[in-house]
Amino acid sequence: MSQALNFLSLLTGSFASPAAENPTVAMIEAAYRHHKLDARYINCEVGQNGLGDAVRGARAMGWAGFNCSIPHKVAVIAHIDNVADSAIIIGAVNCVVSRNGLLVGENTDGQGFVTSLRTVADPQGKAFVMFGAGGAARAIGVEAALAGAASITVVNRDPKRGAELVALLEDKTPAKAELVVWDQPYRIPEQTDIVVNATSIGLFPDVDRRLAVVPESLRPPMIVADVIPNPPRTALLHDAEARGCVTLDGLGMLVNQGVISVEHWTGIVPDAEVMRETLQHLFS
Ligand code: NDP
């Protein structure tokens with residue numbers, strides 16, 4: 001007897017605005033194809049007023065889950081059933097997973113960063129300097145702290161936003177945190193282990209923009225990581241490499257947050273290299 005045919009794919013996707021330039025669909029569908037999964041990732045343009053309906057639609061259609069990007073990472077919390085512990089601390093959700101009929105919010109941005117970091121160093125006991133205090137910085141700061149970072153110096157232009165992140169890290173994680181208001185070129189302290197650019201400086205098309213740092217304070221054995229995925233090789237990484245530092249690009253974070261999302265939705269750990277190659281090809 002022939003096997004019953006099944007024309008119902010596992011559905012996942014993304015709700016964001018603007019959505020057109022988000023490359024995640026290419027990366028995740030490449031993984032689905034590579035692993036021969038009967039699954040789809042649908043990139044949806046969803047504005048602020050449409051988020052509730054979009055989430056109810058995903059629920060009604062039995063989606064396995066979805067990503068949320070700008071401007072929904074905080075607002076989506078009001079439309080789902082549960083939020084994972086680290087996402088509660090971060091205060092934002094970028095990945096929703098359907099578990100036993102309930103929609104659960106996760107934050108995979110910071111976890112993706114830490115997975116990428118672990119390819120070159122264990123965050124345990126390390127001294128971090130992190131530029132920025134926005135959404136990416138909150139996710140990275142919290143996950144690095146939960147992964148054992150000893151201290152995180154937040155260097156941010158807006159003192160209020162910087163102070164909020166420092167208070168969050170001090171109150172909700174075991175790491176020590178302090179704020180440096182970024183109003184002049186910053187000299188990175190010699191004892192720093194890991195330097196992170198979590199600002200939007202260097203993002204395409206402003207590819208020549210540089211962080212205001214004292215150039216000679218970037219030095220080995222510091223590890224220098226950038227969140228900017230496009231272009232993968234930013235001016236910061238170029239400068240850090242020229243000074244002999246080990247560097248990590250923003251593609252590593254982007255790919256690994258996708259790996260974690262796919263694992264949540266399908267139970268399969270996808271091949272990160274296939275996903276990275278897809279993005280590299282798109283950004284070349
Ligand atoms: P936010 O708007 O929430 O935060 C932006 C941060 O950048 C703020 O701290 C802001 O400082 C700082 N900043 C921006 N311009 C300047 C400047 N000229 N000088 C000094 N500081 C500046 O953005 P997100 O945190 O959501 O995103 C930041 C970057 O991270 C984006 O480029 C995004 O592409 C990238 N990202 C990468 C991911 C990946 O997987 N690789 C995942 C998520 C984000 P202030 O507070 O003073 O305004």
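Each residue takes its place number in the sequence, starting with 1. The analysis underlying the following values was restricted to heavy atoms, covering all of them including side chains, and did not include hydrogens, waters or symmetry mates. Predicted model only: the values in this text are computed from it and were never measured.
With contacts defined as side-chain heavy-atom distances shorter than 4.5 Å, the pair His264/Arg99 qualifies. Side-chain contact check for Val259 versus Ser261: every heavy-atom pair is 4.5 Å or farther apart. Using a 4.5 Å heavy-atom threshold, the side chains of Cys44 and Phe66 count as separate. Side-chain atoms of Phe128 and Val196, non-hydrogen and from C-beta on, do get closer than 4.5 Å to each other. Contact check for Ile42 versus Trp63: side-chain heavy atoms found under the 4.5 Å cut-off. At a threshold of 4.5 Å between non-hydrogen side-chain atoms, the residues Tyr186 and Val129 count as touching. A 4.5 Å side-chain heavy-atom check between Val224 and Val246 finds every atom pair outside the cut-off. The side-chain heavy atoms of Met27 and Val255, taken from C-beta on, include a pair separated by under 4.5 Å.
Here OG of Ser200 is found 6.0 Å from CD1 of Ile228. Values are rounded to the nearest 0.5 Å. Between Ile194 atom CD1 and Cys245 atom SG the span is 12.0 Å, to the nearest 0.5 Å. Between atom OG1 of residue Thr234 and atom CD1 of residue Ile201 there is a gap of 11.0 Å, rounded to the nearest 0.5 Å. Separating the NZ atom in Lys126 from the OG atom in Ser151 is a distance of 11.5 Å, to the nearest 0.5 Å. Put simply, CG on Asn230 and CD on Glu21 are 9.0 Å apart, with the number rounded to the nearest 0.5 Å. Separation of atoms CG (Leu103) and CD1 (Ile77) is listed at 13.0 Å; rounding is to 0.5 Å.
Listed for the Glu170 side chain is a donor-acceptor partner under 3.5 Å among the backbone atoms of Ala177. A donor-acceptor contact shorter than 3.5 Å is absent between the side chain of Asn43 and the backbone of Val25. One N or O on the side chain of Asn107 and one on the backbone of Ala92 form a donor-acceptor pair closer than 3.5 Å. Between the side chain of Glu178 and the main chain of Ile152, no donor-acceptor pair closer than 3.5 Å is present. Using a distance-only test at 3.5 Å, with no hydrogens or angles considered, a donor-acceptor pair links the side chain of Arg138 to the main chain of Ile90. Put simply, the side chain of Trp265 gets close to the backbone of Val96: a donor and an acceptor are under 3.5 Å apart. The main-chain N or O of Arg161 is never found under 3.5 Å from a side-chain atom of Glu164 such that the two would form a donor-acceptor pair.
Taking both residues in full, the closest heavy atoms of Phe15 and Ala58 are given as CZ-CB, 4.1 Å, listed atom of the first, atom of the second, then distance. Of all heavy-atom pairs spanning Ile80 and Val104, the tightest one is CD1-C, 4.4 Å. Leu237 approaches Leu248 most closely through the heavy-atom pair CD1-O, 3.7 Å. In this structure, Ala163 and Leu179 approach most closely via the heavy-atom pair N-CD2, 3.7 Å. Scanning all heavy atoms of the two residues, the minimum distance from Thr12 to Ala64 falls at CG2-CB, 4.1 Å. Among all heavy-atom pairs drawn from Asn156 and Ala133, the shortest one is OD1-N, 3.2 Å.
Residues passing the side-chain contact (heavy atoms from CB on, under 4.5 Å) test with Ser17 are Glu45, Pro71, sequence neighbours excluded. A search for side chain to side chain donor-acceptor pair (under 3.5 Å) contacts involving Asp38 returns Ser9, not counting sequence neighbours. Residues passing the side chain to side chain donor-acceptor pair (under 3.5 Å) test with Arg33, sequence neighbours excluded: none. In this structure Thr24 satisfies the side chain to side chain donor-acceptor pair (under 3.5 Å) test together with Asn22, sequence neighbours excluded. Remark: Ser14 pairs with no residue by the side chain to side chain donor-acceptor pair (under 3.5 Å) rule, at least two apart or across chains. In this view, Lys36 satisfies the side-chain contact (heavy atoms from CB on, under 4.5 Å) rule with no residue, not counting sequence neighbours.
Val46 and Leu11 fall within a single hydrophobic cluster, where Ile, Leu, Val, Met, Phe, Trp and Tyr are joined by side-chain heavy atoms under 4.5 Å apart, directly or via other members.
Sorted by first and then second residue, the side-chain hydrogen bond (donor to acceptor under 3.5 Å, both in side chains) pairs with a member in residues 69-86 read Arg59-Asp81, Lys73-Asp109, Ser86-Glu143; sequence neighbours excluded. Here ring pair (Phe, Tyr, Trp, His ring centres under 6.0 Å) pairs that include residues 145-183, with residues two or more places apart or in two chains, are Phe131-Trp182. Evaluation of the side-chain hydrogen bond (donor to acceptor under 3.5 Å, both in side chains) test over residues 268-284, restricted to residues two or more places apart or in two chains, returns Asp249-Arg276. Judged as a salt bridge (charged side-chain N to carboxylate O under 4.0 Å, His left out), not a single pair has a partner in residues 250-263 (not counting sequence neighbours).
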Give the table of side-chain donor-acceptor pairs shorter than 3.5 Å for residues 112-121, with sequence neighbours excluded, one pair per line with atom names and distance.
{"unit_1": "Thr115", "atom_1": "OG1", "unit_2": "Gln111", "atom_2": "O", "d": "2.8"}
{"unit_1": "Arg118", "atom_1": "NH1", "unit_2": "Asp122", "atom_2": "OD1", "d": "3.4"}
{"unit_1": "Thr119", "atom_1": "OG1", "unit_2": "Ser116", "atom_2": "O", "d": "2.6"}

Please output the side-chain donor-acceptor pairs of residues 204-214 that fall under 3.5 Å, not counting sequence neighbours, one pair per line with the distance.
{"unit_1": "Arg210", "atom_1": "NE", "unit_2": "Asp239", "atom_2": "OD2", "d": "2.8"}
{"unit_1": "Arg210", "atom_1": "NH2", "unit_2": "Asp239", "atom_2": "OD1", "d": "3.0"}

**Report entry** Worked verdict on Leu10 versus Leu37 for side-chain contact (heavy atoms from CB on, under 4.5 Å)
**Finding:** CA-CA 8 Å; Leu10 180 130; Leu37 290 171; over 6 Å; no
Requested in this report: Begin from the C-alpha positions of Asn197 and Asp226 and carry the test side chain to side chain donor-acceptor pair (under 3.5 Å) through to its verdict.
Outcome: CA-CA 5 Å; Asn197 173 35; Asp226 209 322; 2.9 Å; yes
Requested in this report: Evaluate side-chain contact (heavy atoms from CB on, under 4.5 Å) for Met130 paired with Thr153, printing each intermediate quantity in order.
Outcome: CA-CA 6 Å; Met130 181 170 69; Thr153 302; over 6 Å; no
Query raised in the report: How far apart are the C-alpha atoms of Arg243 and Met222, what are their side-chain angles, what is the distance that settles it, and do they pass the side-chain contact (heavy atoms from CB on, under 4.5 Å) test?
Result: CA-CA 10 Å; Arg243 296 187 163 277; Met222 288 175 192; over 6 Å; no
**Report entry** From CA spacing to verdict: side-chain contact (heavy atoms from CB on, under 4.5 Å), Val195, Ile223
**Finding:** CA-CA 6 Å; Val195 178; Ile223 292 166; over 6 Å; no
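At a cut-off of 3.5 Å, with distance as the only test, no side-chain donor of Tyr32 or Thr266 sits close to an acceptor on the other residue.
More than 12 heavy-atom neighbours from other residues, nucleotides or ligands sit within 6.0 angstrom of CD on Glu216. Annotation: His238, atom NE2; neighbour count of heavy atoms from other residues, nucleotides and ligands within 6.0 Å does not exceed 12. Within a 6.0 Å radius of CG in Leu282, more than 12 heavy atoms belonging to other residues, nucleotides or ligands are found.
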